[in-house]
Structure formats: structure tokens, C-alpha cells
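The structure appears right after this line, and notes come after that.
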Amino acid sequence: MRRHHWLAFGIGLAVALAIRLVLLPQPGLAGDDNDFLAWARWIGADGLSRAYDQPISFPPVLPWIWWAFGSVAPGLLNPTPNDPMALTLLKLPATVADIAIAGLVVWSLRSRPGWSVAGMLAVLLVPATWYVSAWWGQFESLYVLPILVAWLLVARGRPGWAAVALAVGLMTKPQALPLLIPFAAWYLRTLGWRGSARAAAAGAATMLVLWVPFLAADGPRHYLQSLSDYSATFAVLSLRAWNPWWILQDAAGGGQLISDNVPIVGPVTLRWVGIVVAGLLEVAVFLWVWRRPTASGLAWGLAAASLAAFVGLTTMHERYAYAALIFLLLLWPNRFAVATWVVLAVTMSLNLVAAVPPTGEPGSWVPVAGAVGVAGALAMTASLAGALAGLRSPGDENVPVSRRPAPA
């Protein structure tokens, strides 16, 4: 890199770290943070194996992290409300993951130093990342990081290790599940059934290892029950996520949340309509990654799969498009990828501020409903269309890919 690249890199990194140092000890989403801290304290008191005696709605990776921090950092167990040290430790893993993601983006774009630095700045400075991790204390970056590692391993011809990394991502948050679809298409197309079965076995073994401490206490069953309970609790069309369901909810509900479990035709509910719509979009992603089994095609597919779930499914939170924000960066300097990323980054950042502003009620800084909400929902849908169009177009395969894929 040239001197001005290093200067931009250093200044950007310093600003990004300063933002996070200010936000880490601050209460963000107090209700969620208090739940996470309570679960961490429970694990510290009763042990890792009993974690799912609490209503934890995450697979095992996060309980492992909370157990580790509770073991080495007693400050995490401090019961004082909004304790700065406890909040800092709680948010630290996702914040470190943000920085690690930025480093991997820099490495993946290293052949173009200017774009490499731009990608790093995009990860660390766009509000859609630090707002979620360093302020809210949410864990989107913790599932995206291992899946990004899986993409890099696939690109370097290491599909077995990629399956291990993918399994870690899937066992971090349920929102990682749509990202399995483009990987499945790539594995089946390049490695065939036998190679895909070996990769699936490696992934399944990884998942089993992660679940082992919880099996004796029937942890998987308790987890699924908690997940079902949360799904029932938040059974609304949109949790302030700007997607087409938000437009319907805003128009029909007059600012009120509308249940997605009310039957509309026989037993069919709007939730099932959303599942069908998202399912059809994910089938299209699978087929187009199958036709374009390259690193670039897989990156487009991962962005499209994330946005297909965000746009198609009900009960979406505004932060659930985080993965698309990262995987579009891997395609830079493709102009279409850059344009799609800009639309997504601006819209998602505004959606986060509109849904939970730094002070005040939802919509007090940026209107969450009305014309702004409709425009935001249309922009997020346009981002999905852009990702699907980029995936379907042949494009220049500027991202390196394995030179030794097995024939399908």
C-alpha cells in the first residue's frame, strides 16, 4: 500500500476504535443486555452444562463465550444495573468480531490496496455495524465472522475446513440459517454428492462437539422450546424492519404491530405466506449459485440469501440484514456491488436509528413510519433485487477461487 493508503487506514482505525470505546460501557438495548448478563451470571453460578435451564434463544456458541468470560472476568457477574465493566465485557466479543471482519475484508481485497482500505473503513465506520455491536450489544458479527472465514476457505480450496467454520456460524445465531443455502449449492455443484456428504459430516461433527456439554441436561430440547416461545412472543409482521411487511403493517395497523399468526385463508397465516415467499427467493439463490459456483458467485449468493430472508419473512428485526452488508464488500470494486452496498448501508443505518434512536422513542430522530418507512422498505427490497441481479449476471470473476474443484 502507498503512504496515503496507510494514512487512511490508520485514521479510520483510530476513529473506529474511539467510537467503540465510547459506546462499549453505555447501556444500549437495556432489556436485551440485562437478559444476556443474567444468562451469563447463571452460567457462572451453575456451570455451562445447565445454561439452557434459562430461556436462552441462541445455539451453543454464545453460552460458550459467556462461560469463558464468566470464568476469567468476574466483572461480567457484577449484578449492578448498567455496570460499565459488565456492559463492556458483554459487548466485547461482537466488537472484536467487527474488527476481525474488517481485517478479513482487507485481506480478501489486498490485490487492490485502495479498495482494500475502503472496505475496511466501510466495515468499521458505517453506523450499521457499530450501532449493532458496540452500542446495542447484539451478536450479528459473531455469526457472520465464521461464515466469512468459511467463504475464504472455500475460495482457497479448503472445503472441509470451510464446513467446520460454517457449522460454527450456524451454531451462533438462528439468523445464519439462510446462509447455508448458497453454500449447499456450491458444495453440490463443485464437490458432488460424495464430497458434499463428507463436508456435511465435518459440519455435523462440529455441531455435536459444541452441543456436548449441554446434552446431559437436555439442552437442545430446552433451546428449541425457548426458540418457539420467542417466536410466539414476537409473532408480528415486522419488528420495525423496513421490508414489504412493514409497509402492510404501517398501512393497516396505524402504527400498531399486527400479528402474523391470524389466518387469512383457511389455516394459512401471513407467517406462512412469508415463509413461502422467502423460500422461493432462496430457491432462486440456490439455482443461480449452482450456475455460478465461483467465489464471486458465492459472495453474491450469501448477500442475496440474507436479504431474501429479510425481505420475505415476517418477524424481522432491522439488524438482520447485517450479513449482506459484509458479503457485498467482497465483490468490490464491481460497480454494481458498490452501488447495492451504498443503498443497503444507508437504508439499514437509518432503519436502526429510526427503530431505536440514541434518545427518545422510535421515530423521534428519523421517522420509522409513514413515507420514510415506505421508502426504506422499497430501498431494502431494491437491495435484494440488486443482489439477485448481481448473482445472475456472469460478471468478472475478480475474486480468487479454488483451482481444484472436484467435478460435480
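Numbers here are sequence positions counted from 1. Heavy atoms only: backbone and side chains are in, while hydrogens, waters and symmetry mates are out.
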[X] versus [Y], closest heavy-atom pair with distance:
X    : Y    : result
Q138 : R319 : OE1-NH2, 3.1 Å
A184 : F286 : C-CE1, 4.0 Å
A94  : S141 : O-OG, 2.8 Å
I326 : V123 : CD1-CG2, 4.3 Å
G28  : D33  : N-OD2, 3.6 Å
P362 : P357 : CA-CD, 3.9 Å

When you measure from the side chain of [X] to the backbone of [Y], do you find a donor-acceptor pair of N or O atoms at a distance under 3.5 Å?
X    : Y    : answer
S228 : L224 : no
S364 : E361 : yes
R20  : A16  : yes
R189 : W290 : yes
Y52  : P59  : yes
W341 : L331 : no
T340 : A337 : no
W64  : L210 : yes
D250 : G370 : yes
S226 : H222 : yes

Practice prompt. Check the pair W242, V372 against side-chain contact (heavy atoms from CB on, under 4.5 Å), reporting the backbone distance first and the verdict last.
Written response: CA-CA 10 Å; W242 284 345; V372 174; 3.9 Å; yes

Rounded distance [0.5 Å steps], [atom1] in [X] versus [atom2] in [Y]:
X    : Y    : atom1 : atom2 : value
E140 : H317 : CD    : NE2   : 9.0 Å
L37  : D32  : CG    : CG    : 11.0 Å
L307 : T381 : CG    : OG1   : 9.5 Å
N243 : L313 : CG    : CG    : 9.0 Å
L23  : W135 : CG    : CH2   : 8.5 Å
L109 : L329 : CG    : CG    : 7.5 Å

Please tell me if the side chains of [X] and [Y] come closer than 4.5 Å, counting only heavy atoms from C-beta onward.
X    : Y    : result
L237 : L270 : yes
V164 : L153 : no
P93  : L142 : yes
I43  : P63  : yes
L145 : L104 : yes
W186 : W151 : no
R271 : T315 : yes
V368 : W246 : yes

Item to complete: Show your working on side-chain contact (heavy atoms from CB on, under 4.5 Å) between T95 and L24 and close with a plain yes or no.
Response: CA-CA 9 Å; T95 299; L24 283 173; 3.4 Å; yes

Fill in: R392 CZ: over 12 foreign heavy atoms closer than 6.0 Å
no

Practice prompt. Apply ring-ring contact (aromatic ring centres under 6.0 Å, His included) to W42 and list each qualifying residue two or more places apart in sequence or on a separate chain.
Written response: none

Worksheet item: For the rings on F36 and F58, is their centre-to-centre separation under 6.0 Å?
Response: yes

Worksheet item: Ring centroid separation for Y223 and W211, is it under 6.0 angstrom?
Response: yes

Practice prompt. Just do the side-chain contact (heavy atoms from CB on, under 4.5 Å) check on F327 and L179 with the steps written out, would you?
Written response: CA-CA 11 Å; F327 289 109; L179 303 182; 4.2 Å; yes

Practice prompt. Using the six-membered ring of W161, assess whether NZ or CZ of R158 lies under 6.0 Å from its centre and within 45 degrees of the ring axis.
Written response: no

Practice prompt. Starting from the C-alpha separation in whole Å, work towards a yes-or-no answer on side-chain hydrogen bond (donor to acceptor under 3.5 Å, both in side chains) for S133 and D98.
Written response: CA-CA 8 Å; S133 302; D98 275 341; 2.9 Å; yes

Item to complete: Could you go through the side-chain contact (heavy atoms from CB on, under 4.5 Å) check for L152 and W107 one step at a time?
Response: CA-CA 10 Å; L152 288 167; W107 190 86; 4.0 Å; yes

